[in-house]
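When reading the values below, keep in mind they use all heavy atoms of this one structure, side chains included, and skip hydrogens, waters and symmetry mates.
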Amino acid sequence: MSGGPPRVRAMNSIREPENKEPEKPATKKKPTNDKQPPQETESNNRSKKKCGSGKFVVLRQKSMNASCSSYASSESSSPLSRASSSSSSWSRGRAAVRRNAVMVRKKQCGGGGENEVLVGDNSTDDFQLQIKKRCAWVTPTTDPSYATFHDEEWGVPVHDDKKLFELLSLSGALAELTWPLILNKRHIFREVFLDFDPIDVSKLNEKRIAMPGSPASSLLSELKLRSIIENARQICKVTDEFGSFDKYIWNFVNHKPIISQFRYSRQVPVKTPKAELISKDLVKRGFRSVSPTVIYSFMQVAGLTNDHLINCFRFQECTTKGEARVKDDYLEAKTKVKELEDPIDVGLSRAVDD
């Protein structure tokens with residue numbers, strides 16, 4: 001007590017200023033809706049900070065909650081409703097696959113040249129997606145015109161004289177051009193050489209065709225242009241002798257395509273003994289630009305030999321077309337023989353009756 005009275009804090013240090021207004025209660029009314037907004041958890045806050053966008057996380061969580069709730073409701077529903085929902089989802093999945101296949105197919109047709117082709121019929125419910133392989137030399141960087149040529153023409157047996165003359169001429173042009181360049185200029189070839197009609201082409205003037213500045217001069221050299229006109233004249237002679245160029249050229253393979261059955265592209269030859277034989281006979285008849293290499297290319301494209309690789313989807317198709325043609329020729333020959341034999345049988349029966 002001798003130490004003096006206890007220290008007392010000054011009242012003015014905790015007293016509020018006189019001019020300060022009293023705090024008013026909050027006048028904002030709370031929402032009357034019974035549903036309260038979801039409280040954000042600590043994990044949500046961390047995810048917001050981590051993603052940098054709170055809206056994205058909240059929307060994603062809401063969608064997940066909605067999907068979970070829909071899944072729970074479907075589980076609690078009857079088996080009939082579950083079956084109907086599963087069937088509808090299955091149909092939607094099939095429709096999505098169908099649309100994707102069509103889009104991929106369109107993309108391939110636009111870009112062209114892939115060694116795998118997606119094939120499917122999207123007009124029916126029984127949609128099936130099949131991957132068909134092309135020959136190995138048709139790569140993703142192949143020109144679309146050559147890919148289409150491979151899928152539609154290359155290796156198909158040809159028996160039309162105009163078509164055979166065209167393919168022989170284009171095969172001879174391979175000495176100066178490639179297949180993609182030839183196919184891109186194919187319409188010019190057909191205009192210059194009158195749709196490759198041997199009779200019309202044989203009447204063309206060689207000097208006028210090979211004149212500098214003419215449309216034909218932009219295609220091939222003068223030597224190649226003259227050889228096409230000369231070959232047309234020789235085809236006319238062959239037609240007079242054999243009835244058609246088709247009969248003459250297919251006689252070398254007994255009117256039946258040669259099935260090579262190669263597995264790898266390195267097995268495909270540049271020429272064969274059969275091509276050398278045909279080349280020699282053509283040269284004797286006055287044909288030009290018909291080396292064994294050119295003739296073998298002509299045999300491949302005209303279907304005299306089926307050099308599609310065995311894993312290519314065109315191998316079996318070209319083989320089937322060749323067999324069908326052989327069968328038709330056999331039936332036609334059998335019919336002609338029967339027509340020749342009928343008069344003899346009629347004469348014999350009359351002689352027996354007499």
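Between Glu241 and Lys237, none of the side-chain N atoms (NZ, or NE/NH1/NH2) sits under 4.0 Å from a carboxylate O, so this pair counts as no salt bridge. Look at Arg186 and Glu153 and you find a salt bridge, because one of the NZ, NE, NH1 or NH2 atoms lies within 4.0 Å of a carboxylate O, short of that distance.
We find the CG-CZ distance between Asp197 and Phe165 to be 9.0 Å, quoted to the nearest 0.5 Å. Rounded to the nearest 0.5 Å, atoms CZ (Arg288) and CD (Glu230) are 4.5 Å apart. For the atom pair Thr272 OG1 and Ile258 CD1, the distance stands at 6.5 Å (nearest 0.5 Å). If you take CD1 on Ile278 and CD1 on Ile295, they are separated by 6.5 Å, rounding to the nearest 0.5 Å. Residue Ser244 holds its OG atom at 11.0 Å from CD1 of Ile235, rounded to the nearest 0.5 Å. Rounded to the nearest 0.5 angstrom, Ser214 OG and Leu219 CG are separated by 8.5 Å.
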Determine whether His308 and Phe313 satisfy the following criterion, side chain to side chain contact (heavy atoms under 4.5 Å, CB included), listing intermediate values before the conclusion.
CA-CA 9 Å; His308 282 286; Phe313 77 100; over 6 Å; no
Show your working on salt bridge (Lys or Arg N to Asp or Glu O under 4.0 Å) between Arg233 and Glu206 and close with a plain yes or no.
CA-CA 12 Å; Arg233 295 168 183 166; Glu206 296 181 2; 3.2 Å; yes
CA sep, side-chain torsions, deciding dist, call: Leu164, Tyr248, side chain to side chain contact (heavy atoms under 4.5 Å, CB included):
CA-CA 11 Å; Leu164 289 170; Tyr248 162 77; over 6 Å; no
Determine, step by step, whether Val301 and Leu170 satisfy the side chain to side chain contact (heavy atoms under 4.5 Å, CB included) criterion, reporting the C-alpha distance in whole Å, the side-chain angles of both residues, the deciding distance to 0.1 Å, and the verdict.
CA-CA 10 Å; Val301 69; Leu170 297 182; over 6 Å; no
Applying salt bridge (Lys or Arg N to Asp or Glu O under 4.0 Å) to Lys321 and Glu317, what does each step give before you reach the verdict?
CA-CA 6 Å; Lys321 290 182 180 180; Glu317 293 179 0; 5.8 Å; no
Using the rule given for side chain to side chain contact (heavy atoms under 4.5 Å, CB included), can you reason through Thr142 versus Trp137, listing the C-alpha separation, both sets of side-chain angles and the distance that settles it, and then say yes or no?
CA-CA 8 Å; Thr142 301; Trp137 54 82; over 6 Å; no
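In this structure, the side chains of Leu177 and Leu220 come closer than 4.5 Å at one or more pairs of heavy atoms. Between Asp143 and Trp179, every side-chain heavy-atom pair lies at or beyond the 4.5 Å cut-off. For the pair Arg226/Lys207, a side-chain contact is recorded, criterion being any heavy-atom separation below 4.5 Å from C-beta on. Side chains of Ser279 and Lys271 form no contact here, defined as non-hydrogen atoms less than 4.5 Å apart. At a threshold of 4.5 Å between non-hydrogen side-chain atoms, the residues Pro198 and Thr239 do not count as touching. In this structure the side chain of Leu309 reaches within 4.5 angstrom of the side chain of Val268, judged on heavy atoms. Using a 4.5 Å heavy-atom cutoff, the side chains of Tyr296 and Thr305 are in contact.
Summarising the local packing, CD1 of Ile310 is surrounded by more than 12 heavy atoms from other residues, nucleotides or ligands at distances under 6.0 Å. The number of heavy atoms from other shown groups lying within 6.0 Å of NZ (Lys162) does not exceed 12. Counting heavy atoms of neighbouring residues, nucleotides and ligands inside a 6.0 Å radius, atom NZ of Lys185 exceeds 12 of them.
Here the closest non-hydrogen pair linking Ala232 and Ser202 is CB-N, 3.8 Å. In plain terms, the two heavy atoms of Ser145 and Pro180 that are nearest each other are OG-O, 4.1 Å. Annotation for Ser171 and Ser297: closest pair OG-C, 3.9 Å, computed over non-hydrogen atoms. Nearest heavy-atom pair, Ser289 versus Lys224, reported as atom, atom and distance to 0.1 Å: OG-NZ, 3.4 Å. Of all heavy-atom pairs spanning Ser221 and Glu176, the tightest one is OG-OE2, 2.5 Å. When all heavy atoms of Asp246 and Asp161 are compared, the pair lying nearest together is N-OD1, 3.0 Å.
Ring geometry for Phe245 against Phe298 counts as tilted: the plane angle lies between 30° and 60°, on a 0 to 90° scale. Below 30°, between 30° and 60°, or above 60°: for Phe196 and Phe189 the angle between ring planes is below 30°, a parallel geometry. Between Tyr146 and Phe149, the ring planes are tilted. Angles from 30° to 60° get that label.
Judged by the 6.0 Å distance and 45° axis criteria, Arg285 is not positioned over the aromatic ring of Phe287.
Linking Ile, Leu, Val, Met, Phe, Trp and Tyr whenever their side-chain heavy atoms come within less than 4.5 Å leaves Leu183 and Val156 in two separate clusters. One hydrophobic cluster holds both Ile188 and Leu204 under the rule that ILVMFWY side chains link at heavy-atom gaps under 4.5 Å. In terms of hydrophobic clustering, with Ile, Leu, Val, Met, Phe, Trp and Tyr side chains grouped at heavy-atom distances under 4.5 Å, Val238 and Ile199 are assigned to different clusters. Met211 and Val201 are members of different hydrophobic clusters when ILVMFWY side chains are connected at heavy-atom separations under 4.5 Å. The hydrophobic cluster containing Leu174 also contains Val192, counting ILVMFWY residues as joined when their side-chain heavy atoms lie under 4.5 angstrom apart, directly or transitively.
Using a distance-only test at 3.5 Å, with no hydrogens or angles considered, a donor-acceptor pair links the side chain of Asn306 to the main chain of Phe315. Without hydrogens or angle criteria, Trp250 side chain to Val158 main chain gives a donor-acceptor distance under 3.5 Å. Side chain of Asn231 to main chain of Ser227: a donor-acceptor pair is present (N/O by atom type, distance under 3.5 Å, no hydrogens or angles).
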